[in-house]
Amino acid sequence: MRVTRRSFLAAGAGVLAGGLARGGAPLAASLAPPRPRLSELWLGAVPPSGRTIVLPAGADMLGVEWEAPAGAYVQLRLRTRAGRWSEWVSAAGCAASRHRDAAAGAPARIIGSPVWSGGASALELRSARPLAAVRLHLVDASSGLGARRLALARSLPGSAGALAAVAPAVGTGQPPILARATWARGMARPRVAPAYGAVRIAFVHHTETPNGYLPGEVPAMLRAIFAFHRDVKGWNDIGYNFVIDAFGRIFEARAGGIDEPVVGAQAGGYNLVSTGVALLGAFASRSISPAAARSLRALLAWKLSLHGVPARGFTRVRVNPAGAVYSRFPGGAHVRLPHIAGHRDADSTDCPGAALYRELRAIRRGVHELAPLPARATLALAPASGPGPPAPPSQPPTALPPPPAAATSLTGRLVLLDGRPIAGAQVKLQARSVAGRGEVVRELTLAEALTDASGSWSLPLASVGAARPGAWLRALYAGGGLPRTPGAAVSDPLRLPAALSGSPRASAPSGAASSPPAR
């Protein structure tokens, strides 16, 4: 077997490995984390009887690619350096199995999800059908040491730094979320600035990672997933919006703002109208940990309520033709999906695993019990006569009508999902600023207004002040802060016209259904 593309080991890894073996663990633990490095192993044909592959040192994460057949059920398991084999997991993982190359008649080309090995010594691969043109994509996140060994070294007393939590962004009820900088450490820059759409659905995923990983491995796992998604899948950033580990820690994953409708790459055909949460682990036959379940409920209760989406019930969304190759449904179809959905509800995949999928009903019930009353906030350009009716809740974003010829105000309404107005509420008009390709996102409050008896509010267009033409605006209500009172709510984003005279139209949310997906 030959190693291609890049050198698999970082320069000097042997020296560092020697230091670790000779009792230099505290020194290794104090070093900055290694930058992930990618390589490939070409395997060619793999028979149904399977094949065992000895892995290079530092194979901390791997993904299987094959050309045919598309529907093959491929599994893998890993052998630790102590000689123990892991459980079998799906090689396809979260990847939709119907993905095909754009060229008509081209054979299927499947790139499975990245699977964490932590520095395993060997891989066993098996399939119900013969596989063609198989290759392994490998990620070294430990400079050849093995991520598990490095995590053990860094877990020595006094060697591990504290993880910094993201401060609550809006209102109340946000669970502790670990900042992207906690795991990215300056070596996981997005390719481009984020795109923004709307949140109508939350998709639950798994990462098909063998269970039993250490807490100290998780930051390296996320850096490796990012490298795989960006450099193997060709996406702009890590695909998921959030990741939850077995210890109940919630991580900010894709850049762009945890309280924003960031377009991910986690549900082909639906990225423009959804948010995605991945559980680190394999859950075909094993339930998620109680800590992970609590964190999943808390995260979804906050995130869905913020965007005016109830935990229970269904919504109809249009399958984006640009991502329909992954979907169970044809492009352009209007499909009915639950507000909290498993990835398999929408795309051709077994994700999030049979055991976790069976738990979704109880998770929806728990989110409903935990969430505040969801409110719906709207924002639009209008003449001075006042706002129109509120946008229907839980509907996919559509193109906005052009503003009046002489738009003079920004208007909106704040209502509960049954249409009851929220009167006397303070609404903030905010402008979004983005730096570092979405790694730094801030909301500047431009003006504030109080809702009237109908839940309506209005501000003169001059309230935007120094906000530049083309800036993205949102309306924010911070919430009541008490159980069963209206929670925090943000409107879908609205873009200021290029000229504030009112002649150019305002842009629809960047997640309008006709837009191409952002990967």
Side-chain angles (χ1 to χ4, degrees), residues 94-96 98-99 194-205 239-242 254 256 260-278 299-300 303-349 351-352 357 360-361 363-364 367-368 371 374-379 390-401 417 474 489-494 507-519:
C94 227
R98 281 171 54 186
H99 177 231
Y196 296 91
V199 175
R200 302 292 182 261
I201 300 171
F203 284 108
V204 177
H205 303 260
Y240 312 114
N241 298 101
F242 302 93
R254 178 161 279 222
E260 292 280 3
V262 179
V263 177
Q266 38 85 30
Y270 312 89
N271 287 313
L272 301 170
V273 292
S274 66
T275 190
V277 183
L299 175 64
L300 294 180
K303 182 65 175 176
L304 289 181
S305 177
L306 181 67
H307 296 282
V309 179
R312 292 173 170 171
F314 294 78
T315 188
R316 286 196 175 274
V317 294
R318 178 175 177 267
V319 180
N320 191 320
V325 69
Y326 302 95
S327 175
R328 294 176 54 216
F329 308 98
H334 291 266
V335 299
R336 184 173 179 263
L337 296 172
H339 294 143
I340 299 175
H343 189 192
R344 64 170 67 185
D345 289 323
D347 285 341
S348 298
T349 174
C351 178
Y357 187 76
L360 289 184
R361 178 176 295 182
I363 288 170
R364 294 184 190 104
V367 173
H368 173 76
R376 181 70 173 164
T378 65
L379 175 63
S394 302
Q395 295 298 315
T398 56
L400 297 177
L417 298 191
R474 73 175 185 180
V490 294
S491 68
D492 287 338
L494 173 72
S507 299
S510 61
S514 59
S515 303
R519 285 292 178 187

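Just so you know, residue 1 is the first one in the sequence shown, and it goes up from there.
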At their closest point, which heavy atom of [X] faces which heavy atom of [Y], and how far apart are they?
{"X": "Phe329", "Y": "Asp345", "value": "CE1-O, 3.7 Å"}
{"X": "Pro194", "Y": "Val262", "value": "CB-CG1, 4.3 Å"}
{"X": "Asn241", "Y": "Gly276", "value": "OD1-N, 2.8 Å"}
{"X": "Ala202", "Y": "Leu304", "value": "CB-CD2, 3.9 Å"}
{"X": "Pro352", "Y": "His205", "value": "CB-C, 3.8 Å"}
{"X": "Gly342", "Y": "Phe203", "value": "O-CD2, 3.8 Å"}

So, taking the atom named [atom1] in [X] and the one named [atom2] in [Y], what distance separates them when rounded to the nearest 0.5 Å?
{"X": "Leu337", "Y": "Arg200", "atom1": "CG", "atom2": "CZ", "value": "14.0 Å"}
{"X": "Tyr357", "Y": "Ile363", "atom1": "OH", "atom2": "CD1", "value": "12.0 Å"}
{"X": "Leu299", "Y": "Thr275", "atom1": "CG", "atom2": "OG1", "value": "7.5 Å"}
{"X": "Arg474", "Y": "Asp492", "atom1": "CZ", "atom2": "CG", "value": "11.5 Å"}
{"X": "Asn271", "Y": "Arg254", "atom1": "CG", "atom2": "CZ", "value": "7.5 Å"}
{"X": "Arg519", "Y": "Gln266", "atom1": "CZ", "atom2": "CD", "value": "9.0 Å"}

Counterpart residues, ring-ring contact (aromatic ring centres under 6.0 Å, His included), relative to Phe242 (two or more places apart): none

Test item: Arg364 and Leu300 side chains (from C-beta on) under 4.5 Å apart, heavy atoms: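 A side-chain contact under 4.5 Å is absent here.
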
Those residues that, when tested against Ala377, pass side chain to side chain contact (heavy atoms under 4.5 Å, CB included) (two or more places apart): Leu414, Ala489, Ser491

Set of side-chain hydrogen bond (donor to acceptor under 3.5 Å, both in side chains) partners for Ser305, sequence neighbours left out: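 Partners of Ser305 under the side-chain hydrogen bond (donor to acceptor under 3.5 Å, both in side chains) test: none.
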
All side-chain hydrogen bond (donor to acceptor under 3.5 Å, both in side chains) counterparts of His307, not counting sequence neighbours: Lys303

Pro310 backbone acceptor or donor facing His339 side chain under 3.5 Å: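 Looks like yes, one N/O pair under 3.5 Å.
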
Pair Ser327, Tyr270: side-chain N/O donor-acceptor within cut-off below 3.5 Å: yes

